[in-house]
Protein chains: 2
Amino acid sequence: MAVRPDRSVASGTIAWTQVRDEIRARGLRWTAQRRRILEVLEATRGHVTGSELVERCRERDPATTPSTVYRTLDVLEELGYLSHSHSAAGREEFHVMPEAEHAHLQCRVCGRTWELDADEAESVVDPVARSHGFAADLGHLTILGRCAVCVSAEAAEPRLPA
Amino acid sequence: MAVRPDRSVASGTIAWTQVRDEIRARGLRWTAQRRRILEVLEATRGHVTGSELVERCRERDPATTPSTVYRTLDVLEELGYLSHSHSAAGREEFHVMPEAEHAHLQCRVCGRTWELDADEAESVVDPVARSHGFAADLGHLTILGRCAVCVSAEAAEPRLPA
DNA sequence: CACGCTATCGCAACACGTAGCGATAAGAGG
DNA sequence: CCTCTTATCGCTACGTGTTGCGATAGCGTG
C-alpha cells in the first residue's frame, strides 16, 4: 500500500506541511477540516482511540463530524502517516507517525500497553514468515495477555476453585 | 471473505449436556435461550462472527435478542467453550470449542485466514515471554498481513509509486 | 478571475456490541 | 406443589465506526 516518503524531521515532530503537499500531489484536497485534524494529531503523542480524536477535534471546532475525522484518518493511514490496531475491547487505537513500525503488548488485567521495538517484533513474526511466507503488518499487531506483574499477583492471591 | 482453508473443529464431538451441567453446577441457569444458542453452535464449524450467530439464532426463533446472545457467548467463553478474537475489520470472531488454543493469520488482501497450531503459536509468542515475562492469550491473537499468494500477485502487478 | 471537474463535506441511517433496568422464570428448599 | 431468591430475559438507549447521498468547495485550467 502506501510507501512512506523520507522525511527530514526534528526529534519526535513531524513536518506537517509535507503532509499537505503530499495530499495535493496525489490529487487529493487540502481542507480546513483536514488541517484541523492534523493540528490535533500534532498535539498528540503515543496512542489514541478514534473517538478521542473526534473529541479533540470537537474541542477546536464543535461542528466536527465523526465521519469526516474517520475518513481523514483512513487517508493518512493510506499515506503511511498513521497506523491503527485494535485494543482488547476491539476499539481502534491509532499510533501517530511511528518512527519505526512496531507492535504492541496489552495486558488484559491491568490494561497497560507496551511497545515492541522493531527487532523484537521481527522475531515474533519471523516463524510465520518462514513457514507460511506470510508478510505480517507489524503495526496492526496487538498481543493480548497478562503482564509479568499481573501474572505474579495472580500467583500470590490464588482463586478458589469452584 | 470467501474461503476458509483452516481446519474446522468437529463440534459434533462435544458433549453439550456437559455444558448444561457445568452451567448448573456454577449456580447459573439453563434456559431455552441458552439451549438454542448451543444448538446453533453445535451446527457451526470454524469461525463465526457475533452477528452471524445472532442471525442463525433468529432463524430458529425470530424473537431472539442480540444482547442475550452476546451475554451467553461471554458466559461460554468464561467457561472455556469458546474463544474470540478480532478480525481485520475489528469484528468479533468466535471459535467454537477449540481442541487446543491456537492463533490466526489473516490476509488483509484476500481475507483468508489460517490457523497456527500450538507449536507455531508458541514460537511466535516465545520472544515476548522471555523478554517481558508476558503471558499471551494465544486464542485471542490474530496476525494481520498479506499471505504468500497475495504478496507475489502484488510483485507481478506492481503499483505506481507517487 | 471565472469555469468545471470531482474530492470532500455534513447529514442521516445503519451495523455491531454493550449497559442499565424492571419483569420473568429457573431451580433449590420446605 | 408452593415459595423465595436471584440469574436471566427483553427492552431501550448508548458508544463507536461505516456508508450512501446530495450539496459544497478545492484547485487546475482558460
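Chain naming here is simple, since letters A, B, ... match the order of the sequence lines and numbering starts at 1 in each. On a predicted model such as this, the values are computed, not experimentally measured, just so you know.
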A:Tyr70 OH to D:dG15 P, straight-line distance once rounded to whole Å
12 Å
Which atom names give the shortest non-hydrogen contact between A:Glu120 and B:Ser131, and what distance separates them?
OE2-OG, 2.6 Å
From CZ of A:Arg36 across to P of C:dG10 the rounded distance in Å is 8 Å
Validation row: B:Leu41, B:Leu76 side chains within 4.5 angstrom (heavy atoms):
yes
Can you find a side chain N or O atom of A:Gln33 that sits less than 4.0 Å from OP1 or OP2 on C:dG10?
yes
From the list A:Gln18, A:Arg24, A:Arg26, side chain to side chain donor-acceptor pair (under 3.5 Å) partner of A:Glu22 resolves to A:Arg26
Tell me the interatomic distance from A:Arg24, atom CZ, to D:dA25, atom C1', rounded to whole angstroms.
14 Å
Which listed nucleotide (C:dG17, D:dG26, C:dC9) is nearest to the side chain of A:Arg29?
D:dG26
To the nearest angstrom, the CH2-C1' distance between B:Trp30 and D:dT8 comes to 14 Å
Within the structure, does a side-chain N or O atom of A:Ser51 lie under 4.0 Å from either OP1 or OP2 of D:dT16?
yes
Taking NE2 from A:His86 and P from D:dG17, how many angstroms apart are they, rounded to a whole number?
9 Å
When the distance from CD of A:Glu55 to C1' of D:dG17 is rounded to whole Å, what number comes out?
15 Å
Which part of the nucleic acid, if any, lies within contact of A:Ser67, taking any heavy atom under 4.0 Å across all strands shown: a base, the sugar-phosphate backbone alone, or nothing?
base
Side-chain N,O (B:Thr31) to OP1/OP2 (C:dA25) below 4.0 Å:
no
If each of A:Thr49 and A:Arg71 is mapped to the nucleotide of DNA chain D with the nearest heavy atom, which maps nearer the 5' terminus, i.e. the 5' end?
A:Thr49
Among C:dG17, C:dT8, D:dC9, the one nearest any side-chain atom of B:Arg91 is C:dG17
Rounded off to whole Å, could you give me the CZ-to-P distance for the A:Arg58 and D:dG15 pair?
11 Å
How do B:Ala63 and B:Gly27 order along DNA chain D: which one's closest nucleotide is nearer the 5' end?
B:Gly27
For the pair made of CG in A:Asp74 and P in D:dT18, what is the distance, rounded to whole Å?
6 Å
Are the ring centres of A:His140 and A:His84 closer than 6.0 Å?
yes
Using only atom types and a distance under 3.5 Å, with no angle test, would you say the side chain of B:Ser87 pairs donor to acceptor with the backbone of B:Ala89?
yes
